[in-house]
Amino acid sequence: MKTIRIMLAILLSVGCSIQHPINKKIVGRVYGEDFERTFPYKSIPVPLAGAYIQIIPSNKTSYLTDSLGYFKIENLTKKKYHLRFSFVGLESRDTTIVLRVHSTDSLNILLPFSYNKEAYSLQQAQKEIRSGHPLLFGITETIQLDQFTTAVFWRKYKVNFVVYEKELIQKGVQNLDAPLDILLRFNEEIFNYLDQTFGEEWQKEAPAGILGLEDWGKRTDSRENQRKIKEKILQN
């Protein structure tokens, strides 16, 4: 009887190992969102060395990507895995993968640029407007920095500013605090406020380098031309 029990235990063990063989693995590569160093500072994926990988909820073992951003997690069984990828200065990302038939599954993970979304939101732009000192973002060459920062415009229209230097961005010494499209959207909310409050004259007095102002002016001219065309049509 004892021998039969032992044999059954062995058979069950073998059966489990056949159903869930521990020979599967997950491989892949982790990228981080970076930006080109020249305008328009497009987003580019860059392989991340030393990105941190965890299997959730287990915290017993963690993994790191190699110098080229590659990783490999071995000795896995046939089941669902929840993985968390993280890196300093970038947003963490979670993903779920189910290991089935294939012994190896491959992943490509992109960790987005991390920034304070609330600080650069349209709600924050409105808050700055209500405070009486709206904020604008600019980019200028170092040689024009003094001209930008000392412009009468800022005091006359009670506008604060944050300015980046092209040369420092190109050298990697300085980075935008948020993606360019987010800064442009923030500025446009302030542009709209300035148009409604002061008309379009402020645009002529604003210093060169304010992000998005040139395109905003073109759109303003286009709207004005459309208005004049409509007036002529109505007069005829």
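When reading the values below, keep in mind they use all heavy atoms of this one structure, side chains included, and skip hydrogens, waters and symmetry mates.
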Please determine if Lys117 forms a cation-pi arrangement with Tyr115, meaning its NZ or CZ atom is less than 6.0 Å from the six-membered ring centre and no more than 45° off the ring axis. yes

Do Ile190 and Phe198 land in one hydrophobic cluster if side-chain heavy atoms of ILVMFWY residues count as linked below 4.5 Å? yes

Might you point out which heavy atoms bring Ser92 and Leu111 nearest each other, and give the distance in Å? C-CD2, 4.4 Å

Does any part of the side chain of Arg185, heavy atoms only, come nearer than 4.5 Å to the side chain of Leu122, both counted from C-beta? yes

Would a 4.5 Å heavy-atom cut-off, applied to side chains only, mark Phe113 and Ile182 as touching? no

Would you say the side chain of Ile109 lies within less than 4.5 Å of the side chain of Leu83, judging by non-hydrogen atoms? no

For residues Pro47 and Arg29, report the shortest heavy-atom separation together with the two atoms involved. CG-NH2, 3.5 Å

Closest approach of Lys24 to Arg100 (non-hydrogen atoms, all atoms of both residues): NZ-O, 2.9 Å

Mind running salt bridge (Lys or Arg N to Asp or Glu O under 4.0 Å) on Glu201 and Lys204 for me, showing each step along the way? CA-CA 6 Å; Glu201 288 302 310; Lys204 300 174 183 177; 3.4 Å; yes

Spatial distance of atom CZ (Phe87) from atom CG (Leu48) [nearest 0.5 Å]: 5.0 Å

Looking at Lys158 and Pro134, what are the two nearest heavy atoms and their distance? O-CD, 3.4 Å

Smallest separation among heavy atoms of Pro45 and Leu110, with atom names: CB-CD1, 4.1 Å

Flag the pair Leu64 / Tyr52 as yes when at least one side-chain heavy-atom distance between them is below 4.5 Å, and no otherwise. yes

Atom NE2 in His82, atom CD1 in Ile97: separation rounded to 0.5 Å? 12.5 Å

Is Leu99 reachable from Ile73 through a run of I, L, V, M, F, W or Y residues, each pair having side-chain heavy atoms under 4.5 Å apart? yes

Ring centers of Phe191, Tyr193 separated by less than 6.0 Å: no

Decide whether Trp216 and Asn187 meet the rule of one side-chain donor and one side-chain acceptor closer than 3.5 Å. no

Give the minimum heavy-atom separation between Tyr41 and Lys166, together with the two atoms involved. OH-CG, 4.1 Å

Residue pair Tyr70 / Val27, side-chain heavy-atom distance below 4.5 Å: no

Could you walk me through whether Phe39 and Leu180 pass side chain to side chain contact (heavy atoms under 4.5 Å, CB included), step by step? CA-CA 9 Å; Phe39 192 84; Leu180 181 63; 3.9 Å; yes

Parallel, tilted or perpendicular, judged at 30° and 60°: which one describes the rings of Trp154 and Phe148? tilted

Say you draw a straight line from CD1 of Ile56 to OG1 of Thr96; how long is it, rounded to the nearest 0.5 Å? 10.5 Å

Rounding to 0.5 Å, atoms CG (Leu135) and CD (Glu189) come to a distance of 13.0 Å

Atom OH in Tyr81, atom CD1 in Ile26: separation rounded to 0.5 Å? 7.0 Å

Can you find a pair of side-chain heavy atoms, one from Leu194 and one from Val159, that are under 4.5 Å apart? yes

Quick one, Asn192 and Gln196 - any side-chain contact, counting heavy atoms below 4.5 Å? yes

Please tabulate, one pair per line, all N/O donor-acceptor pairs under 3.5 Å involving side-chain atoms of residues 205-212, not counting sequence neighbours.
| unit_1 | atom_1 | unit_2 | atom_2 | d |
| --- | --- | --- | --- | --- |
| Glu205 | OE1 | Lys156 | NZ | 2.9 |
| Glu205 | OE2 | Lys156 | NZ | 3.2 |
| Glu205 | OE2 | Tyr157 | OH | 2.8 |

Distance-only donor-acceptor check, side chains Gln124 and Glu118, under 3.5 Å: no

Look up atom CD in Glu165 and atom CD in Gln170, then write down how far apart they are to the nearest 0.5 Å. 11.0 Å

Would you call Asn175 and Phe35 a side-chain contact if the rule is heavy atoms closer than 4.5 Å? no

Test of understanding: clusters of I, L, V, M, F, W, Y form through side-chain heavy atoms closer than 4.5 Å, transitively. Do Tyr31 and Ile53 belong to the same one? no

Decide side chain to side chain contact (heavy atoms under 4.5 Å, CB included) for Asp195 and Gln203; before the verdict, give the C-alpha distance in whole Å, the side-chain angles of both, and the deciding distance to 0.1 Å. CA-CA 8 Å; Asp195 277 353; Gln203 297 181 31; 3.0 Å; yes

More than 12 heavy atoms of other groups within 6.0 Å of Glu74 CD: yes

Linked, directly or transitively: Ile129 and Val162 (ILVMFWY side chains, under 4.5 Å): yes

